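The structure under discussion appears below in the form of C-alpha cells.
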Protein chains: 2
Amino acid sequence: MTKDPYSLSPEEFYERGDSYFLPHISIDCVIFGFHDNQLKVLLLEWKDSLRWSLPGGFILKDEDIDQAATTILLKRTGLEKIHLQQFHTFGDPNRDRKKHGINPPKGSNPKSWLMDRFVTIGYWALVEHSKVTPTPDSFSRSCSWREISEVPELILDHNLIIEKALESLRLQLNDFPVGFNLLPAKFTMPELQSLYETILDEKLDRRNFQKKMLSLGILTRLNERKQGGAHKAPFFYKFDKKKYQRALKQGLSFGI
Amino acid sequence: MTKDPYSLSPEEFYERGDSYFLPHISIDCVIFGFHDNQLKVLLLEWKDSLRWSLPGGFILKDEDIDQAATTILLKRTGLEKIHLQQFHTFGDPNRDRKKHGINPPKGSNPKSWLMDRFVTIGYWALVEHSKVTPTPDSFSRSCSWREISEVPELILDHNLIIEKALESLRLQLNDFPVGFNLLPAKFTMPELQSLYETILDEKLDRRNFQKKMLSLGILTRLNERKQGGAHKAPFFYKFDKKKYQRALKQGLSFGI
DNA sequence: TTATCATTGTGTAAGATTAACACAATAAAA
DNA sequence: TTTTATTGTGTTAATCTTACACAATGATAA
C-alpha cells in the first residue's frame with residue numbers, strides 16, 4: 001500500500017490497483033495538437049499491438065479528478081500547466097473490457113477490478129505539438145499523433161469520446177480563443193486561419209478573418225516576417241495575454 | 001440481491017446498497033421550474049430536518065447513467081420523457097459525508113459504502129412547474145420548490161452544483177430554445193420574456209424580444225387572449241414542435 | 001535581369017442584424 | 001367616462017457581417 005501506485009507493473013496493477021484507485025471510474029484524455037495544417041490527437045498502441053486507445057488513467061482514492069487528468073496529460077506529453085477541459089462523462093453499462101473481448105495479460109487475474117464496468121470522465125486539452133514528448137504507458141508500446149480524420153478503430157467507445165470532444169471544442173471556440181494554445185508563441189495569420197478552418201471544418205474568408213482577429217485586440221504583430229514560403233512573407237503575430245485579460249473584462253465575442 | 005433496490009429501507013440501503021449500485025459514484029439533479037415569475041429548484045429536506053440537498057441517487061451496476069438520472073427525475077417529480085442535460089462531473093476528494101460531519105442514521109453501519117468519497121455526475125432538467133408532484137425519497141421528509149436566489153445552505157458541494165447548472169443552462173439557452181420546457185403549453189409573450197429575463201438575469205427590450213421570438217418561426221399565436229390581468233389582454237402562444245424541427249434544419253440562432 | 005504567379009496587406013460597399021425608440025389600441029380600475 | 005399601465009406594431013439609426021477589389025511582395029520561371 002505504500003508503493004508508488006504509478007510504478008506498479010501491469011500485472012500488479014491488474015491484481016491490486018484497486019487498493020490505490022477508485023473502482024469503476026476512469027479518465028480519458030483527448031489531447032489535440034496541430035501540425036502540418038492538420039488537427040491531430042495523441043493515441044496509444046497497446047502492447048498486444050492490435051488495439052489503439054486514448055491516453056487514460058484512474059483516480060487515486062484521495063485525489064481530485066482534475067488533478068488525475070493533469071497527471072495523465074503530464075505523463076503522456078511531459079507538459080504541465082495546460083488547461084484541461086472536462087467535457088462529458090460516459091456511462092454506457094457496456095463500457096466493460098470483458099464485454100468488448102479485451103482480456104487481461106496472460107498470467108494476471110481474470111477477475112481483476114479492471115475488467116469491471118467503468119464510467120469514464122472525458123477531458124480534452126490543446127497542446128503545442130512541438131513541445132510534446134509522446135510517451136507510452138506501461139500497457140502500451142507506442143504513443144503517437146494521428147490525424148483526426150485518420151483515427152483507427154479504438155477500444156470501447158473511445159471513437160465516440162473523440163467525436164464528443166471535438167464537438168465540445170467547437171462550441172468553446174466560439175466563446176474563448178482557445179485555438180491559440182495549439183500554436184507556437186509566434187505564428188502567422190494564415191496559420192491561425194488554417195487552424196480555425198481545420199477545427200470548424202469550413203473555409204473562412206481570409207480578409208474578414210484577419211479583420212475579426214485583429215479587432216479582438218488580443219494579438220500583437222511582430223516586426224518580423226515568416227521567410228521561406230514561396231510567396232509574399234506574412235507577418236508573425238503573438239497572442240498577448242495581458243490584452244486578452246483586459247478584453248475578457250469587456251466581454252468580447254470570439255465567434256467566427 | 002433479488003429484492004428491488006429501490007424498496008430498501010434506509011438502514012438496508014446503508015448496509016448493502018453497494019450490492020446493487022456502483023460505489024463512489026452518484027448522480028445529482030438540478031430540477032428547474034418557473035412559477036410566479038421566479039426560477040425555482042426542487043430540494044429535499046432531510047429527515048433529521050437540519051439539512052437540505054439536491055435530489056440525487058445512484059447507478060445500478062448494469063444501468064446507463066442517463067437512465068439512472070431519468071429514474072431520479074421520475075421518482076421526485078412523477079415526470080417522464082423530460083430531457084436531462086448532463087453538465088459536469090464533480091470530483092473534489094472531499095465529497096465525503098464523513099468529512100462534512102454527516103452521520104449515518106442511528107443503528108446503521110458507520111462504515112457504510114455511503115460514507116465513502118463520491119464522484120457525482122450533475123444533470124439539470126427543465127420541467128413545467130404545475131405538472132410536478134414533489135415527492136421526497138426515503139431519507140427525506142419533504143420535497144419542495146425553492147426560489148433560486150433563496151436556496152439555503154446545502155450538503156456537500158450542492159450549492160456549487162446549482163451554480164454550475166445555471167451557468168450551463170444560460171449557455172444552452174443561446175443555442176436552443178430550452179426555456180419553453182419551463183412553461184405550460186399556452187403562454188403569453190410577457191411570460192416568455194420574463195422567463196428569459198429571469199434565467200439570464202438581465203432586462204430585455206419588450207419589442208425587440210417579441211420580434212426575435214416570432215422571427216424564429218417556432219411559435220403559433222392562438223386566437224385567444226389571457227384575461228384577468230389589470231390591463232390589455234395579451235395573446236396566448238404555443239411552441240410549435242413541427243415548426244421547430246423545420247427551423248433546426250435551417251440552423252437558427254436562438255441567441256437573445 | 002525581368003516577367004510571372006500565388007499569396008499577403010489593406011480597404012470599401014452592400015446586406016443583414018441588433019438596438020433604441022414612438023405611438024395607437026385595450027382592459028381594468030378610478 | 002376618464003385614467004392608467006400594459007400590449008401590438010411599427011420605424012430608424014447603429015452595428016456587425018459578408019462579399020469582393022486591388023496593390024505589394026517574394027520566390028520562381030523565362
Side-chain angles (χ1 to χ4, degrees), chain A residues 36-37 170 173-175 177 183-184 186-198 200-238 247 250-256, chain B residues 36-37 170 173-177 179 183-184 186-198 200-238 247 250-256:
Chain A
D36 292 338
N37 275 349
R170 282 180 183 146
L173 201 60
N174 269 331
D175 298 328
L183 293 173
K186 278 165 33 178
F187 52 87
T188 66
M189 198 54 77
E191 284 165 355
L192 181 60
Q193 181 178 342
S194 167
L195 169 63
Y196 269 77
E197 289 180 336
T198 306
L200 297 173
D201 196 23
E202 62 176 310
K203 283 278 162 209
L204 301 170
D205 182 275
R206 181 176 67 81
R207 294 151 288 188
N208 294 334
F209 179 82
Q210 162 138 340
K211 222 178 304 164
K212 177 79 189 175
M213 279 298 151
L214 293 181
S215 76
L216 296 178
I218 58 178
L219 296 182
T220 304
R221 191 171 87 176
L222 307 179
N223 284 324
E224 188 186 353
R225 289 163 182 267
K226 184 188 176 94
Q227 306 292 337
H231 307 287
K232 183 170 178 177
F235 281 106
F236 276 119
Y237 289 84
K238 68 171 186 182
Q250 292 163 32
L252 274 192
S253 157
F254 301 98
I256 292 294
Chain B
D36 291 339
N37 274 349
R170 282 181 183 143
L173 201 58
N174 270 330
D175 296 328
F176 299 97
L183 293 173
K186 278 165 34 178
F187 52 86
T188 66
M189 200 54 78
E191 284 165 355
L192 182 60
Q193 182 178 342
S194 167
L195 168 65
Y196 268 78
E197 289 180 337
T198 305
L200 296 173
D201 197 25
E202 64 176 307
K203 283 279 161 206
L204 302 170
D205 182 274
R206 182 176 66 82
R207 294 151 291 188
N208 294 334
F209 179 81
Q210 162 138 342
K211 223 178 303 166
K212 177 77 187 174
M213 279 300 150
L214 293 181
S215 78
L216 295 178
I218 59 178
L219 295 183
T220 303
R221 189 170 89 177
L222 307 179
N223 284 325
E224 188 188 353
R225 289 163 182 266
K226 183 191 177 91
Q227 304 294 335
H231 306 288
K232 181 169 178 176
F235 280 107
F236 276 119
Y237 290 84
K238 67 171 188 183
Q250 291 163 34
L252 275 193
S253 155
F254 302 98
I256 294 292

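As a basis for the values below, the full set of heavy atoms in this structure was taken, side chains included, without hydrogen atoms, waters or symmetry mates. None of the values given here were measured: they were computed from a predicted structure. Throughout, a chain's letter reflects where its sequence line sits, starting with A, and its residues are numbered from 1.
Mapped onto DNA chain C by nearest heavy atom, Arg225(B) and Ala233(A) fall at different nucleotides, with Ala233(A) at the one closer to the 5' end. Between His231(A) and Asp205(A), the one whose closest nucleotide on DNA chain D sits nearer the 5' end is Asp205(A). In this structure, Gln227(B) and Ala230(A) both approach DNA chain C, and ranking their closest nucleotides by distance from the 5' end singles out Ala230(A). Checking Arg207(A) against Gly229(A), the closest nucleotide of DNA chain D that is more toward the 5' end is the one next to Arg207(A).
For the pair Phe209(B) CZ and dT17(C) P, the interatomic distance rounds to 18 Å; values are reported in whole Å. Look at CD on Glu202(B): it is 14 Å from C1' on dT18(C), rounded to the nearest Å. Whole-Å rounding puts the Tyr237(B) OH to dT7(D) P distance at 11 Å. Look at CD on Glu191(B): it is 15 Å from P on dT6(D), rounded to the nearest Å. At whole-Å resolution of the value, CG in Leu216(B) and C1' in dT17(C) are 13 Å apart. Rounded to whole angstrom, the span from the CZ atom of Phe235(A) across to the C1' atom of dG26(D) amounts to 13 Å. For Lys226(B) and dT26(C), the NZ to C1' distance is 17 Å, given to the nearest whole Å. Gln210(B) places its CD atom 17 Å from the P atom of dA25(C), with the value rounded to the nearest Å.
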- Query: Are Met189(A) and Leu214(A) close enough, and set up right, to give a side-chain contact (heavy atoms from CB on, under 4.5 Å), and what steps lead you there?
  - Reply: CA-CA 10 Å; Met189(A) 198 54 77; Leu214(A) 293 181; 3.9 Å; yes
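Between the base of dT11(D) and the side chain of Lys211(B) there is a donor-acceptor pair shorter than 3.5 Å. Not a single donor-acceptor pair, N or O on each side, falls under 3.5 Å between the base of dT25(D) and the side chain of Lys232(A).
Side-chain atoms of Phe209(B) and Glu197(B), non-hydrogen and from C-beta on, never get closer than 4.5 Å to each other. Within the 4.5 Å cutoff, the side chain of Met213(A) has heavy atoms near those of the Tyr196(A) side chain. Residues Phe187(A) and Leu219(A) are in side-chain contact: their nearest non-hydrogen atoms beyond the backbone lie under 4.5 Å apart.
OP1 or OP2 of dA21(D) has not a single side-chain nitrogen or oxygen of Arg206(A) nearer than 4.0 Å.
Across dT10(C), dC20(D), dC21(C), the shortest atom-to-atom separation from the side chain of Asn208(A) is found for dC20(D). The side chain of Lys212(B) lies closest to dT18(C) when the candidates are dG9(C), dT18(C), dA25(C).
A side-chain contact (heavy atoms from CB on, under 4.5 Å) with Phe235(B) holds for exactly one of Arg225(B), Lys226(B), Lys186(B); it is Arg225(B).
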